[in-house]
Amino acid sequence: MATKKNKRRGIKIPHIKKPIIHNEAPGTVTYTGKKENVATKVEIIDYSKDRYHRVDSENIEDAFSFESSEHITWININGLNNTKEIERLGEYYNLHPLIQEDIVSTNQRPKMDEYPEYLYIVFKMLHYNENGDFINEHVSMVMGKDYVTTFQEADGDVWDGLRDRLENAKGRVRNAGADYLMFALLDAIVDNYFSVIETLSSKIEFIEDQLFDDDIEEDITQDIQILKKEILRIRRAVVPLREVINRLEKIDSDLIESKTQNYIRDLYDHIIQVSESVDIYREMIWGLMDMYMTTISNKMNEVMKVLTIMASIFIPLTFMAGIYGMNFEYIPELQFKYGYFVLWGAMILVFFGLLYYFKRKKWL
Amino acid sequence: MATKKNKRRGIKIPHIKKPIIHNEAPGTVTYTGKKENVATKVEIIDYSKDRYHRVDSENIEDAFSFESSEHITWININGLNNTKEIERLGEYYNLHPLIQEDIVSTNQRPKMDEYPEYLYIVFKMLHYNENGDFINEHVSMVMGKDYVTTFQEADGDVWDGLRDRLENAKGRVRNAGADYLMFALLDAIVDNYFSVIETLSSKIEFIEDQLFDDDIEEDITQDIQILKKEILRIRRAVVPLREVINRLEKIDSDLIESKTQNYIRDLYDHIIQVSESVDIYREMIWGLMDMYMTTISNKMNEVMKVLTIMASIFIPLTFMAGIYGMNFEYIPELQFKYGYFVLWGAMILVFFGLLYYFKRKKWL
Amino acid sequence: MATKKNKRRGIKIPHIKKPIIHNEAPGTVTYTGKKENVATKVEIIDYSKDRYHRVDSENIEDAFSFESSEHITWININGLNNTKEIERLGEYYNLHPLIQEDIVSTNQRPKMDEYPEYLYIVFKMLHYNENGDFINEHVSMVMGKDYVTTFQEADGDVWDGLRDRLENAKGRVRNAGADYLMFALLDAIVDNYFSVIETLSSKIEFIEDQLFDDDIEEDITQDIQILKKEILRIRRAVVPLREVINRLEKIDSDLIESKTQNYIRDLYDHIIQVSESVDIYREMIWGLMDMYMTTISNKMNEVMKVLTIMASIFIPLTFMAGIYGMNFEYIPELQFKYGYFVLWGAMILVFFGLLYYFKRKKWL
Amino acid sequence: MATKKNKRRGIKIPHIKKPIIHNEAPGTVTYTGKKENVATKVEIIDYSKDRYHRVDSENIEDAFSFESSEHITWININGLNNTKEIERLGEYYNLHPLIQEDIVSTNQRPKMDEYPEYLYIVFKMLHYNENGDFINEHVSMVMGKDYVTTFQEADGDVWDGLRDRLENAKGRVRNAGADYLMFALLDAIVDNYFSVIETLSSKIEFIEDQLFDDDIEEDITQDIQILKKEILRIRRAVVPLREVINRLEKIDSDLIESKTQNYIRDLYDHIIQVSESVDIYREMIWGLMDMYMTTISNKMNEVMKVLTIMASIFIPLTFMAGIYGMNFEYIPELQFKYGYFVLWGAMILVFFGLLYYFKRKKWL
Amino acid sequence: MATKKNKRRGIKIPHIKKPIIHNEAPGTVTYTGKKENVATKVEIIDYSKDRYHRVDSENIEDAFSFESSEHITWININGLNNTKEIERLGEYYNLHPLIQEDIVSTNQRPKMDEYPEYLYIVFKMLHYNENGDFINEHVSMVMGKDYVTTFQEADGDVWDGLRDRLENAKGRVRNAGADYLMFALLDAIVDNYFSVIETLSSKIEFIEDQLFDDDIEEDITQDIQILKKEILRIRRAVVPLREVINRLEKIDSDLIESKTQNYIRDLYDHIIQVSESVDIYREMIWGLMDMYMTTISNKMNEVMKVLTIMASIFIPLTFMAGIYGMNFEYIPELQFKYGYFVLWGAMILVFFGLLYYFKRKKWL
């Protein structure tokens with residue numbers, strides 16, 4: 001019945017036919033993102049208190065040679081479209097097929113899966129690229145006893161500070177285990193969320209300034225709509241990650257040392273702070289629409305006042321002129337010598353009287 | 001008192017008399033859907049690691065012959081209006097009368113009932129048909145030790161991918177038990193929700209594009225209202241199913257093997273993702289109304305400006321012409337030789353002065 | 001301070017003095033409803049598997065004679081204003097004074113009180129009467145080991161289907177105990193909620209149709225307001241009853257057999273479905289106001305366009321005519337032979353030029 | 001930055017400098033209400049099953065003489081500005097300094113503090129005074145083994161019904177202990193909330209009637225704002241008291257007998273009912289603003305229609321008259337004998353044509 | 001795609017490029033606030049029941065000399081930009097590096113960290129400065145067995161009342177331990193929140209008064225926006241502190257004596273009261289926008305009425321005058337002797353007729 005009416009009036013949403021997807025077997029490793037022609041790059045950093053060794057390669061098997069060492073190994077893989085390589089690695093590390101699927105499923109929401117030998121964490125790396133477009137990169141991490149493997153869609157990340165600390169043995173990271181490395185990687189991700197939110201906050205202020213500016217003529221509905229979508233996507237990355245970190249804080253696993261727990265607790269504090277900011281900015285973006293509506297109404301009010309003043313003043317005057325434009329044989333005033341000037345006087349009186357009236361109404 | 005006023009003003013909602021329904025005994029098997037003349041079709045797939053056998057029949061009793069085998073049997077029944085057949089099957093499998101009632105009650109919300117010998121799950125299959133109408137099909141599933149029975153209202157479903165995997169022994173399904181089959185069926189349902197939501201998202205974007213388009217003249221309230229109803233119906237299918245899958249993940253039943261639990265956990269992740277998307281799109285659909293309101297106000301503003309400019313320019317000029325149309329005996333300006341041209345000059349001055357004024361106000 | 005301003009401007013809400021109620025002792029049995037002159041009618045149905053006996057009386061003591069039998073007795077009392085009779089019955093069945101008070105307190109919200117020997121349940125029977133007015137009847141139920149007593153404000157209820165099944169031994173009810181009777185009574189109540197909600201849904205669709213109809217001129221704020229109040233009252237009946245049934249499902253009482261629990265679980269499913277529908281319709285009713293606002297603005301837009309078009313076309317033309325109505329001695333055009341026709345040509349040009357302009361702006 | 005803009009445009013909220021309060025030591029007994037010159041009045045009711053004795057005094061020490069009796073003593077103190085007296089009493093009954101502070105802190109929200117020898121409960125007594133102003137009186141209660149002390153800001157309360165039942169030995173109160181007295185006092189408070197809410201509901205209906213009335217010209221924003229504030233204050237009194245009574249129901253204290261628990265459970269039912277009503281009326285008050293907005297827009301629509309009809313009819317007619325007011329030498333129509341009458345005919349045609357057009361558009 | 005549209009229409013939010021922050025090692029002590037050139041000031045108050053000693057210094061090491069005493073020591077440090085000093089102190093008291101980081105991270109939200117030897121609490125000190133700007137100062141507190149150290153960004157705080165009580169041995173503070181000092185410090189903070197909220201409430205009332213005032217012409221959107229931001233910042237300080245105090249109430253630590261718990265429970269009451277007020281004022285600020293919208297619409301209505309009345313009265317009169325300004329050879333009325341006066345009569349009739357019509361419509 002609703003559909004019938006739809007045909008009768010209003011626009012007709014064209015029928016958008018999506019093919020019924022014949023779903024694949026669970027555990028099928030299919031890359032679902034957009035960066036499809038990226039050559040896989042492997043970055044291997046092997047370190048201990050006294051040692052730092054870095055290898056860059058395009059061959060995922062180079063990573064396996066480090067495994068038997070007593071050092072901590074961070075294997076960072078850029079490029080997820082070569083699903084074959086992911087499967088090879090997954091086999092080597094004995095990763096569950098569902099995990100292999102999630103590593104390349106860019107729509108997978110942030111989550112943590114606990115396995116006896118490793119933890120698997122999915123999260124999102126957010127940033128604005130050089131065109132100001134909002135980028136949401138799917139990243140996964142597998143942490144085992146002495147290694148951390150990270151999987152990114154493409155080159156470029158927020159971990160350069162950490163790389164620097166690893167290379168130059170700054171901070172605590174070289175003295176600690178794979179669990180601390182995992183924490184440090186997540187910490188950099190969360191720190192970067194603060195910077196993304198700050199950019200968003202600048203955009204909100206920019207629109208607010210436009211709204212408070214009398215001269216704005218453009219329709220900013222669209223801009224507000226874009227902000228709405230961005231904040232919703234940020235929220236979608238942050239809220240489940242908050243749950244992940246909360247679980248991480250309370251986890252009972254041999255893989256995480258108790259002294260790292262303090263750091264994870266601190267990280268949880270940070271992600272809560274991010275998610276509170278997200279909620280506040282969300283509320284403010286929604287409020288922008290109301291503000292815009294008010295602005296439009298105020299402008300309309302101003303337009304109406306100009307019309308009302310012009311019409312209210314000149315319509316009566318035109319009527320007065322019309323009277324003495326009539327052709328009656330006997331209109332006594334027309335014969336008065338100074339009739340014309342008297343009428344002008346009357347008109348000027350009416351003119352200023354109405355001006356005064358509008359002045360008192362504060363319309364001028 | 002409210003009713004009294006209702007009579008006094010406004011439209012009168014006509015009294016819509018629904019007959020008081022004399023409720024039926026619980027456990028009465030009555031089909032409540034709209035597909036009433038569908039011939040029951042029974043599809044039986046019997047398989048094990050090494051074997052695949054498929055029978056299509058119109059006789060529900062054909063299914064019973066497979067029961068004693070050591071294989072897994074999937075019995076898919078299309079058409080629920082032959083309640084007699086459902087009762088026969090229910091008797092054979094010893095289904096509780098309330099379950100038999102729920103199989104054919106198309107209004108039943110998604111739920112799971114646990115019985116010692118089987119699990120009963122209700123869910124909804126959603127899709128847009130070829131006319132773009134939103135279809136919400138009631139589906140139930142009974143899973144026992146070595147069989148799964150599914151009940152659909154009509155032909156056509158989202159399980160062709162699964163049928164293919166069964167027939168060609170792709171993936172894990174032929175090696176696993178009835179619990180994995182149940183999972184695979186639900187997995188296909190949830191995967192399809194993603195595609196439904198994507199269609200909805202395209203519709204939202206279509207309306208947004210209309211709103212951002214200056215030329216829109218149609219009233220799109222109705223279209224937004226239809227979207228609202230669709231998202232509410234999707235939500236009604238998704239949210240209770242999420243609870244069902246959550247319980248399924250934690251269930252303590254002999255019917256479900258522990259290694260299937262990993263897959264169900266993954267499924268739970270997916271349905272959470274669906275339900276988050278539903279919430280986001282819901283919020284966006286609600287936001288469309290505000291956007292439309294703003295668009296209307298912007299248009300009205302533009303109309304008002306045209307009126308104000310035309311009236312404000314020509315009303316004073318008409319007044320000036322009116323002055324010299326008067327018939328006073330003595331109007332000195334009328335005798336001036338170039339009076340007429342001087343007046344034209346004044347009029348052109350007023351005309352451009354007002355144009356400049358509106359230009360500066362950015363109304364032009 | 002707020003009050004001071006209230007006096008200064010706006011309407012003055014008159015001081016509505018409600019007498020301070022000197023509250024009565026708890027347990028005082030006072031009827032608070034509106035059906036005050038209803039003669040108490042007692043309907044007694046005494047049944048077992050093999051037996052069915054019905055007595056209609058106006059004397060509440062007739063009910064007591066059935067008590068010692070081995071059968072199940074359903075005593076249905078219509079009319080609550082004879083509080084004396086209620087007290088007599090309460091004494092006989094040893095009901096707590098607070099229960100006696102609640103039986104006749106029509107404002108009491110749905111709830112369940114557990115006592116060792118009986119359960120006491122309050123709920124609301126909802127229906128639209130023949131005038132379309134929404135009726136909310138206060139009903140209570142006491143269930144003991146072998147009896148159920150129901151208390152209604154007036155004649156007429158939703159239990160005729162149940163009476164039929166009792167008399168003709170349809171379904172399970174004659175073979176089951178008082179707990180199943182209690183379930184069957186509640187089941188009929190909840191089933192009827194579906195019908196009430198369907199009526200409401202038809203009303204919402206009726207108003208929606210009005211809104212989508214171009215010709216609507218009436219102010220439908222009031223109609224929406226009435227719907228709002230109705231849905232709020234339905235919600236008030238449904239939500240606490242949902243909690244009651246939830247508790248009933250989990251209760252640990254000798255009064256309820258385990259096989260009845262399955263039925264109560266099903267009932268719980270139904271009331272959840274009702275309460276979800278209530279939430280959805282509530283949201284839609286609230287949305288009607290926004291839709292109405294949009295409709296008003298669209299209409300205003302149309303009015304403004306007509307005004308703008310008429311004024312923008314004829315004001316300049318009138319000015320042109322005004323020019324050549326002036327009485328200057330020397331206006332060269334006036335002497336041109338075809339001046340008049342040339343002017344007409346110019347006017348027609350302006351006329352169609354403006355028409356074309358408005359056409360291109362899609363205002364026509 | 002926000003502040004900078006504030007200076008640039010809009011109104012400037014003047015800087016409201018509140019002195020930084022140098023907070024007092026916790027436990028300092030300072031009266032914070034407005035009834036500062038109230039003489040303390042002490043009302044002592046001492047009763048048992050067989051005995052009723054009442055003393056009115058202005059001396060708080062009179063209360064102490066009753067303490068050693070075996071009777072229940074209710075000491076009601078009106079007037080809190082004599083903090084010295086409160087401290088004396090606090091010392092006598094050994095009340096914690098923080099309780100003494102709370103008794104006279106009128107901003108203290110409802111709460112319960114459990115001490116081994118007594119319970120301390122804070123709540124609010126609400127009523128509309130004879131001017132229709134909303135009054136929110138701070139009341140505390142200390143209940144010990146055989147006494148209840150109540151503290152009110154001023155004379156006049158909702159306990160006259162209870163006093164009557166005490167004096168005339170109606171109901172259960174004279175046979176029960178201090179815990180039942182405490183219950184009865186709270187019960188009267190909650191009963192009175194119903195009456196306050198009913199007054200509010202009448203006010204809402206009054207405003208609704210105004211809104212549905214075509215003639216309303218006043219701005220009722222202010223009246224709605226006052227209602228908003230009243231409902232928020234009621235909510236602030238009700239919601240924490242609900243928690244208090246909930247805790248009271250579950251408390252494990254020697255001071256409360258188990259048979260009083262039934263009554264407290266009933267009281268909890270009532271306060272839930274109050275708080276549900278508060279939520280409903282809150283929603284309705286918020287809805288009034290939307291209704292008012294719609295009403296304004298409807299009125300504007302009507303104004304616009306009158307303008308559009310008048311202008312659209314007479315502007316073209318004036319143009320037609322203007323044509324034949326021109327002074328061209330050769331205007332053939334002017335010489336036609338019945339030209340004037342033919343024009344009148346044309347004008348009448350245009351007039352009725354436009355009338356018909358507006359009629360068909362339902363603007364008339 | 002959204003971005004593409006953004007380029008097509010509307011304003012273009014300029015690309016705001018924030019540098020990708022290379023995050024620092026956790027535990028790095030970096031001051032993030034704005035008060036960067038503040039000289040560190042150290043205030044040491046050492047007291048016991050009988051003793052009070054105060055030292056003001058600029059050297060943080062002066063604090064260490066008090067440590068071995070049996071007295072309670074309050075060390076208050078103003079100025080956080082000298083991170084070196086903070087690190088020295090942190091080393092002396094053995095504070096975890098993450099705590100040292102949080103002391104100077106002004107964005108850190110309120111929280112409590114429990115360590116065996118001390119509690120660490122972060123909170124915000126709020127006030128309006130002499131320009132009316134809202135100030136949000138980051139404060140931390142470390143409480144050990146016999147000392148409390150507080151860290152503020154700058155001079156000036158809300159603890160002068162407490163200093164006075166310490167110096168003059170008022171109240172309980174000199175007799176109690178470090179836990180009571182900690183309580184007293186927090187109590188002063190929370191008390192001050194009440195004063196901040198009161199200021200905000202005055203601002204809301206100021207804007208309300210402006211809205212109810214007919215003469216307001218300024219756009220107050222901006223002022224409401226500023227209030228929104230202030231309440232959000234207050235909320236951000238209050239809500240997490242409420243959780244902190246709740247945990248403090250339930251904490252099981254040797255550092256807090258049981259008799260101090262009563263005071264903390266009272267403090268918890270206060271912070272709940274603050275946070276309820278915050279929620280209420282938040283709702284009221286959001287409501288202001290609606291009120292403003294209504295006010296604008298009312299004004300527009302008034303403008304429209306003036307226009308409609310002026311135009312509706314004078315346009316028909318002008319038409320009448322236009323009729324008799326026509327130059328037809330034969331217009332019989334023009335020859336009537338008193339035609340002119342008769343017309344005047346008709347015009348006056350129309351004038352008053354329309355006036356009466358508008359009067360009856362209550363537009364005058």
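FYI, side chains are in, hydrogens and waters are out, and symmetry mates aren't considered; it's all heavy atoms of this structure. Lettering follows sequence order; numbering is per chain, from 1. Since the structure is predicted, the reported quantities are computational estimates derived from the model, not experimental observations.
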Completion exercise
Cut-off 4.5 Å, heavy atoms of chain D, and the answer for C:Met300 is both
Practice task
Just do the salt bridge (charged side-chain N to carboxylate O under 4.0 Å, His left out) check on D:Glu283 and C:Arg282 with the steps written out, would you?
Solution key: CA-CA 12 Å; D:Glu283 206 162 350; C:Arg282 193 161 154 250; 2.5 Å; yes
Exercise for the section: Go through the atoms of C:Phe341 and report whether side chain, backbone, both or neither lie under 4.5 Å from a heavy atom of chain D. Expected result: side chain
Problem - Nearest non-hydrogen partners of C:Arg109 and D:Gln273, listed with the distance - result: N-OE1, 3.4 Å
Exercise for the section: Sort out for me which of C:Val239, C:Ile224, C:Asn107, C:Thr28 touches chain D most, counting heavy-atom pairs under 4.5 Å. Expected result: C:Asn107
Problem - Per-residue contact mode, D:Asp164 against chain C (heavy atom under 4.5 angstrom) - result: neither
Practice task
Examine the side chains of C:Gln335 and D:Tyr330 and answer whether a donor and an acceptor come within less than 3.5 Å of each other.
Solution key: no
Fill in the blank from the handout: Of the listed D:Ile272, D:Asn301, D:Ile323, the one with the largest count of heavy-atom pairs under 4.5 Å with chain C is D:Asn301
Practice task
Determine the minimum heavy-atom distance between D:Asn262 and C:Leu98, stating which atoms define it.
Solution key: O-CD1, 3.6 Å
Problem - Residues C:Tyr292 and D:Asp290: side-chain donor-acceptor under 3.5 angstrom - result: no
Problem - Side chain, backbone, both or neither of D:Arg265 within contact of chain C (heavy atoms, under 4.5 Å) - result: side chain
Exercise for the section: For atom CD of C:Glu117, decide whether the heavy atoms of other residues, nucleotides or ligands shown that lie under 6.0 angstrom number more than 12. Expected result: no
Problem - CH2-CH2 distance between D:Trp286 and C:Trp286, expressed to the nearest 0.5 angstrom - result: 14.0 Å
For a quick test of your reading: what N or O donor-acceptor pairs under 3.5 Å do the side chains of residues 309-317 of chain C make, sequence neighbours left out?
from     : atom 1 : to       : atom 2 : distance (Å)
C:Ser312 : OG     : C:Thr308 : O      : 2.6

Handout entry: Approximate separation, where rounding is to 0.5 Å, of C:Lys111 NZ and D:Asp269 CG
Key = 4.0 Å
Problem - Between CG on residue D:Asp279 and CZ on residue C:Arg235, distance to nearest 0.5 Å - result: 9.0 Å
Problem - Greatest number of heavy atom pairs closer than 4.5 Å to chain D - which of C:Gln108, C:Glu333, C:Lys228 - result: C:Gln108
Completion exercise
Smallest heavy-atom separation, D:Phe358 atom then C:Val306 atom, equals CE2-CG1, 4.0 Å
Practice task
Check whether D:Thr221 gets within reach of chain C through its side chain, its backbone, both or neither, counting any heavy atom under 4.5 Å.
Solution key: neither
Exercise for the section: Might you work through the side chain to side chain contact (heavy atoms under 4.5 Å, CB included) test for D:Leu211 and C:Gln225, ending with a clear yes or no? Expected result: CA-CA 11 Å; D:Leu211 281 173; C:Gln225 193 68 357; over 6 Å; no
Problem - Donor-acceptor under 3.5 Å (D:Asn298 side chain, C:Asp219 main chain) - result: no
Problem - Qualifying residues under ring pair (Phe, Tyr, Trp, His ring centres under 6.0 Å), relative to C:Tyr324, sequence neighbours excluded - result: D:Phe328
Handout entry: Close side-chain approach of C:Lys337 and D:Glu329, heavy atoms under 4.5 Å
Key = no
Practice task
Determine whether D:Met326 and C:Leu334 make a side-chain contact, defined as any pair of heavy atoms from C-beta on separated by less than 4.5 Å.
Solution key: no
Problem - Atom of D:Ser297, atom of C:Ile296 and distance for their closest heavy-atom approach - result: CB-CG2, 3.8 Å
Handout entry: Per-residue contact mode, C:Met347 against chain D (heavy atom under 4.5 angstrom)
Key = side chain
Practice task
Identify the heavy atoms of C:Ala25 and D:Gly171 that sit nearest to each other, and give their distance.
Solution key: CB-CA, 4.3 Å
Exercise for the section: Enter the distance from C:Lys299:NZ to D:Met304:CE here, rounded to the nearest 0.5 Å. Expected result: 15.0 Å
Handout entry: Cationic N near anionic O, under 4.0 Å, D:Lys305 to C:Glu302
Key = no
Problem - Interchain contact, D:Leu354 with chain C, by part (heavy-atom threshold 4.5 Å) - result: side chain
Handout entry: Under-4.0 Å salt bridge between D:Glu208 and C:Lys229
Key = yes
Fill in the blank from the handout: Okay, D:Asp266 and chain C: the region with an atom under 4.5 Å from a heavy atom over there is side chain
Problem - chain D contact via C:Arg236 - which portion, at a heavy-atom distance below 4.5 Å - result: side chain
